[in-house]
Amino acid sequence: MSSKPSLSLIGGGLVGSLLAQQLARRGFSVDVFEKRPDPRMAGFAGGRSINLALAERGLQALRSAGLAEEVLQRAVMMRGRMVHTPDGRSGLQRYGVDDSEVIWSVSRGGLNMWLLDAAESAGARFHFGQGLVAADFDAGRMRLVDAGGTERVFDAPVLIGADGAGSTLRSAMNAYRALGERVEWLGHGYKELEIPPASELSPELLEHGGGHDQFAIEPNALHIWPRGGYMCIALPNTAGSFTVTLFLPAQGPYPSFATLPDARAAETFFRHDFADLLPLLPRFGTDYDTHPVGTLATLYLERWHLDGRALLVGDAAHAIVPFHGQGMNCGFEDTVSLARLLDGNDPAEAFAEFQRLRQPNADAIAAMALENYVEMRDSVADPRYLAKRELGARLAARAPEHFMARYRMVTFTHLDYAYALERGRAQDMLLDQLLRDSSDPAGVDLDVAVATLKATLPPLPALRRGR
Ligand SMILES: Cc1cc2nc3c(=O)[nH]c(=O)nc-3n(C[C@H](O)[C@H](O)[C@H](O)COP(=O)(O)OP(=O)(O)OC[C@H]3O[C@@H](n4cnc5c(N)ncnc54)[C@H](O)[C@@H]3O)c2cc1C
Ligand SMILES: NC(=O)C1=CN([C@@H]2O[C@H](COP(=O)(O)OP(=O)(O)OC[C@H]3O[C@@H](n4cnc5c(N)ncnc54)[C@H](OP(=O)(O)O)[C@@H]3O)[C@@H](O)[C@H]2O)C=CC1
Ligand SMILES: Nc1ccccc1C(=O)C[C@H](N)C(=O)O
């Protein structure tokens, strides 16, 4: 008989299903309890967004699970931000120097279903339509409710909660022993709309006269319509459509979701603020009136575990705002770290070490995700931001061992998020200093700038590349 403990995972979403695969592959006995029906039979029932940006951290976790190539084949490459200004012009701000540094738009439902298949193939057992209701941590038992409302009690000496931002396991743990929970609401909400495939739009609306095959606008980009205090973004889907997300203050003066309660009011707003986007949204009225306004918040906990009895991972432990496109990526990194730690250690040690390693990084990406909202909705159109970005690129080309854009550290490396935050702050101060007298990066003496950089900051750590 195996000496490895039996593990009960709550939640078979993105993080729960990948974690189940990683643990089952290592020989753990894994049962996953998911409150929704099996999406492979019932269809995928919504979720927090239609599609997601997959970056290097998430990809590396998928590689270690042997799933990366399969996922990439069903993803759309995004080379950079296509910024759409109010005058109707657009321009690409690349993420990296070439296509080795791109992010990928993947379908949440598709990804979740491939991960469920992979976890089952590795030996994990899934129990759908089983929602956690309560847990008795002293007795090592939990209570689940099925779709018909029948409640049953199961043994579960070791519980892992991957049940998302509104985690029931977290509530049960918190009631047993205070976890030091703090939720900071952003005060902005989001609503999803859709640009359909080009074939559903009249030809005169299509960019480049329809020269993007089945896509109405450039497919290989993450589109942003920055408007200062709010924005729209669009991520491509493989079938030719784009999922558009409007981010806007929830309450307060116009424009806010409160002042745009229905499609009629919102259409006037879009005609004025997103004039080039509105004609690409033929189902605007129905989408606006039927899709909910999602809420956004950051979750901070002092404790992620109850000794070796229960642990929280992914959004259940550290939900963040979506603006860096890193919530799932961070949760996927969690799964690799936790599976390694559990292999050969008792759960109490593994859980404590997991929190020690991951919490500073979760805090750091939470902070950077909040900052990226301001960057996306405002700074991308600001000359000062563009000047700093340009000077940063020049320094990185001249002294790559000393300068790397923070965005690159977060998105394309495995450097700790906490390191990226700290190093990024130091680099940002240096750029401000170098651009104090001139707002033109071409006016900065690069030899002097590189000498200052090397005198101010230590070299970057050596990079571990995914491929
Ligand atoms: C608008 C938006 C856009 C985003 N875009 C990106 C992006 O581009 N890139 C990125 O990396 N991240 C993105 N994120 C973040 C990403 O969605 C989350 O980080 C990710 O879904 C977390 O996965 P999870 O498995 O921890 O939680 P979830 O995906 O929420 O899964 C939780 C699962 O637990 C189940 N569950 C809940 N309660 C119970 C219960 N009581 N019993 C049993 N099961 C239960 C749920 O049904 C669900 O299946 C975005 C988030 C939002 C809101
Ligand atoms: N929204 C956020 O960003 C954060 C929320 N929280 C905490 O979470 C709790 C609830 O948050 P709130 O956002 O208001 O509501 P929910 O998390 O309950 O989500 C709102 C809606 O989205 C659905 N939904 C959520 N996650 C998924 C998923 N993975 N797949 C499919 N559908 C999903 C829910 O369905 P269903 O009801 O069936 O689950 C519900 O209809 C609160 O206690 C809050 O403090 C904490 C931090 C961040
Ligand atoms: N997926 C998202 C969802 C919502 C808001 C932003 C994103 C992003 O991915 C932004 C991207 N990382 C960027 O910085 O351009």
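All values below were derived from every heavy atom in this structure, side-chain atoms included, with hydrogens, water molecules and symmetry-related copies excluded. Everything quoted here is computed from the prediction, not taken from an experiment. Counting starts at 1 for both ligands and their atoms, in listed order. We number each residue from 1, following the sequence as shown.
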Within ligand 1, which atoms have a heavy atom of [X] less than 4.0 Å away?
X	answer
T168	41 (N)
A162	32 (C), 33 (C), 34 (O)
F33	43 (C), 44 (N)
Q130	43 (C)

Would you please say whether a donor-acceptor pair under 3.5 Å links the side chains of Y373 and H324?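 No, because no side-chain N or O of Y373 sits under 3.5 Å from a partner of the opposite role on H324.
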
Between R26 (side chain) and F28 (backbone), is there a donor-acceptor pair under 3.5 Å?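 No, the answer is negative, given that no donor and acceptor are paired below the 3.5 Å cut-off.
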
Counting only heavy atoms closer than 4.0 Å, does ligand 3 sit against the backbone of [X], its side chain, both, or neither?
X	answer
L52	neither
T245	neither
I224	neither

Aromatic ring proximity F323/F247, centre distance under 6.0 Å: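 Between F323 and F247, the centre distance is under 6.0 Å.
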
Closest by any non-hydrogen atom to atom 52 (C) of ligand 1: pick that one out of G331, P322, G325.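 Shortest heavy-atom distance from atom 52 (C) of ligand 1: P322.
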
Judged on heavy-atom distance to atom 5 (C) of ligand 3, which of G325, G327, P322 sits nearest?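 The nearest heavy atom belongs to P322.
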
